[in-house]
Amino acid sequence: MALTLCLEWDLYKNLYGQHLAQEIMSEAVSDFLRKDSPDRPLVLSFHGASGTGKSLVSSMLGRHLYGSAMGSPYIHQFVPTLHFPIPERVQLYRLHLKRWIEGNLTTCARSIFIFDEMEKMPLGLIDVLEPFLGPSHVVFQTNYRKAIYIFISTAGEEVINRVTLEARLSGREREEIRLQELEEGITQAVFNNTNSGLYHSRIISEKLITRYVPFLPLCHHHVERCARRDLCQRGECHRTDVAMAVANAMSYTPADGKHFSSTGCKMVPAKVNLYL
């Protein structure tokens, strides 16, 4: 319970403009960790534009479970361009990935597996995970139901950005946007996008994803808050002038309204370096 409360506080304090991600992650992780013997693994699919907090939330979860982010031996991150760079070798990658998952689940049933940049994942590779994600009690001689899987992708960002923009133009508060407005559109966008590693994947068609987690595009004041956080980490909390300059220096879309940061908070540290 203490762990989930700490995660909730971290999400509330350090994740900006993402009420849906805060709510979904707090609920999903809390429900999952509360069960001594869950009936299936926790499978989370993060969607949204670059710089909106997807990797940050993955790091938060790792840190609160194991006291570190990517440094723990029980947290495994896969990046397609690094781990699966040659599409023609997908069958070999499938074999290696299956063995890697089996071996690490034997070592630690509560392992976390993070698959980043899913839009660059070779087609067909990720379906090798299907037997690990379902409700069976034992697969490959180990109880695998305590594991956590996270898929990170920009697929679906067009749906998320459109709904967020429509809400803003209609005068709705950002926090009024609900998951029900986004989930079906994200699912279809991911399943039917040939640039998605989950293109026509049985992981989706068999409904093996526990929760879809949308990350909304960030506004000017969210970018400013990111800059303030970065400055405080450098012991420069008082430099509100730099935070404002960084937010003003970002590019915003769409061209006729300039409501949302084109790169979220991704470029903030580099911009802070420039203005300090």
Side-chain angles (χ1 to χ4, degrees), residues 11 15-28 42-58 80 114-123 126-127 133 149-223 226 250-267:
L11 289 165
L15 182 65
Y16 307 137
Q18 304 298 353
H19 68 285
L20 289 174
Q22 290 169 337
E23 294 169 7
I24 295 168
M25 288 298 295
S26 296
E27 178 183 342
L42 179 61
V43 185
L44 303 167
S45 195
F46 292 179
H47 301 274
S50 177
T52 51
K54 303 184 296 296
S55 295
L56 175 63
V57 172
S58 299
I114 301 171
F115 296 87
D116 207 348
E117 299 181 358
M118 282 295 296
E119 63 275 8
K120 299 177 182 177
M121 191 72 68
L123 294 181
I126 210 68
D127 271 351
L133 306 184
Y149 298 83
I150 300 175
F151 303 126
I152 300 177
S153 175
T154 57
E157 69 172 295
E158 296 85 357
V159 175
I160 298 168
N161 293 355
R162 174 177 53 77
V163 171
T164 309
L165 180 61
E166 289 174 353
R168 177 162 183 149
L169 295 178
S170 66
R172 292 173 63 199
E173 293 292 334
R174 182 187 184 92
E175 289 71 24
E176 293 179 35
I177 299 173
R178 308 315 306 162
L179 178 62
Q180 291 79 359
E181 301 174 58
L182 297 165
E183 190 167 31
E184 181 61 27
I186 292 172
T187 303
Q188 292 302 316
V190 174
F191 187 73
N192 294 313
N193 187 345
T194 55
N195 292 322
S196 166
L198 289 167
Y199 174 68
H200 284 190
S201 170
R202 287 177 56 83
I203 291 174
I204 293 181
S205 62
E206 295 299 317
K207 303 185 185 304
L208 298 180
I209 292 177
T210 311
R211 301 295 297 270
Y212 290 90
V213 187
F215 287 75
L216 309 183
L218 300 182
C219 301
H220 183 283
H221 67 279
H222 299 131
V223 177
C226 288
M250 296 295 182
S251 60
Y252 293 85
T253 60
D256 58 346
K258 298 188 176 181
H259 299 298
F260 306 122
S261 170
S262 302
T263 55
C265 284
K266 190 170 186 177
M267 303 302 296

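All values derive from a computational prediction rather than experimental measurement.
Listed by first and then second residue, the salt bridge (Lys or Arg N to Asp or Glu O under 4.0 Å) pairs that reach into residues 184-205 are Glu130-Arg202, Arg202-Glu206, sequence neighbours excluded.
Interatomic distance, Leu133 CG to Ile203 CD1, rounded to the nearest 0.5 Å: 5.0 Å. Distance check: Leu56 CG to Cys265 SG gives 9.5 Å after rounding to the nearest 0.5 Å. One finds the OG1 atom of Thr210 at 5.0 Å from the CG atom of Leu42 (value rounded to the nearest 0.5 Å). Note that CD1 of Ile152 and NZ of Lys54 are 7.5 Å apart. Values are rounded to the nearest 0.5 Å. Atom CG of Leu198 is separated from atom CD of Glu119 by 10.5 Å, given to the nearest 0.5 angstrom. Summarising the geometry, atom OG belonging to Ser26 is positioned 5.0 Å from atom CG belonging to Leu11; distances are rounded to the nearest 0.5 Å.
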Donor-acceptor pairs under 3.5 Å, side chain of residues 162-172 to any protein atom, not counting sequence neighbours: which ones?
residue : atom : partner : partner atom : Å
Thr164  : OG1  : Ile160  : O            : 2.7
Arg168  : NE   : His259  : ND1          : 3.0
Ser170  : OG   : Glu166  : O            : 3.1
Ser170  : OG   : Ala167  : O            : 2.9
Arg172  : NH1  : Glu181  : OE1          : 3.0
Arg172  : NH2  : Glu176  : O            : 3.1
Arg172  : NH2  : Glu181  : OE2          : 3.0

With a 3.5 Å cut-off and sequence neighbours excluded, list the donor-acceptor pairs that the side chains of residues 45-53 form with protein atoms.
residue : atom : partner : partner atom : Å
Ser45   : OG   : His47   : NE2          : 2.6
His47   : ND1  : Ala155  : O            : 2.9
Ser50   : OG   : Lys266  : NZ           : 3.4
Thr52   : OG1  : Ala49   : O            : 2.7

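Take Tyr252 and apply the side-chain contact (heavy atoms from CB on, under 4.5 Å) test, not counting sequence neighbours, and it matches His220, Val223, Ala247, Met250, Lys258, Ser261. Considering only residues two or more places apart in sequence or on other chains, Arg211 meets the salt bridge (Lys or Arg N to Asp or Glu O under 4.0 Å) condition with Glu27. Under the rule for a salt bridge (Lys or Arg N to Asp or Glu O under 4.0 Å), the partners of Glu117 that lie at least two apart in sequence or sit in another chain are Lys120.
Looking only at distances, no side-chain donor or acceptor of Ser251 sits under 3.5 Å from a matching main-chain atom of Ser262. Listed for the His19 side chain is a donor-acceptor partner under 3.5 Å among the backbone atoms of Ile177. Between the side chain of Ser196 and the main chain of Asn192, no donor-acceptor pair closer than 3.5 Å is present.
Taking every heavy atom of both residues into account, Met267 and Thr263 meet most closely at CG-OG1, 3.6 Å. The two residues Asn161 and Phe260 make their nearest non-hydrogen contact at O-CE1, 4.5 Å. Summarising the geometry of Leu15 relative to Ala21, their closest heavy-atom pair is CD2-CB, 4.0 Å, with the distance given to 0.1 Å.
When Arg174, Glu157, Glu175, His222 are each tested for a side chain to side chain contact (heavy atoms under 4.5 Å, CB included) with Leu216, only one passes: Arg174.
Taking 4.5 Å as the limit, some side-chain heavy atom of Val43 sits within range of a side-chain heavy atom of Phe151. Between Ile24 and Pro214, some side-chain heavy-atom pair lies under the 4.5 Å cut-off. The shortest side-chain heavy-atom distance between Leu20 and Leu182 falls under the 4.5 Å cut-off.
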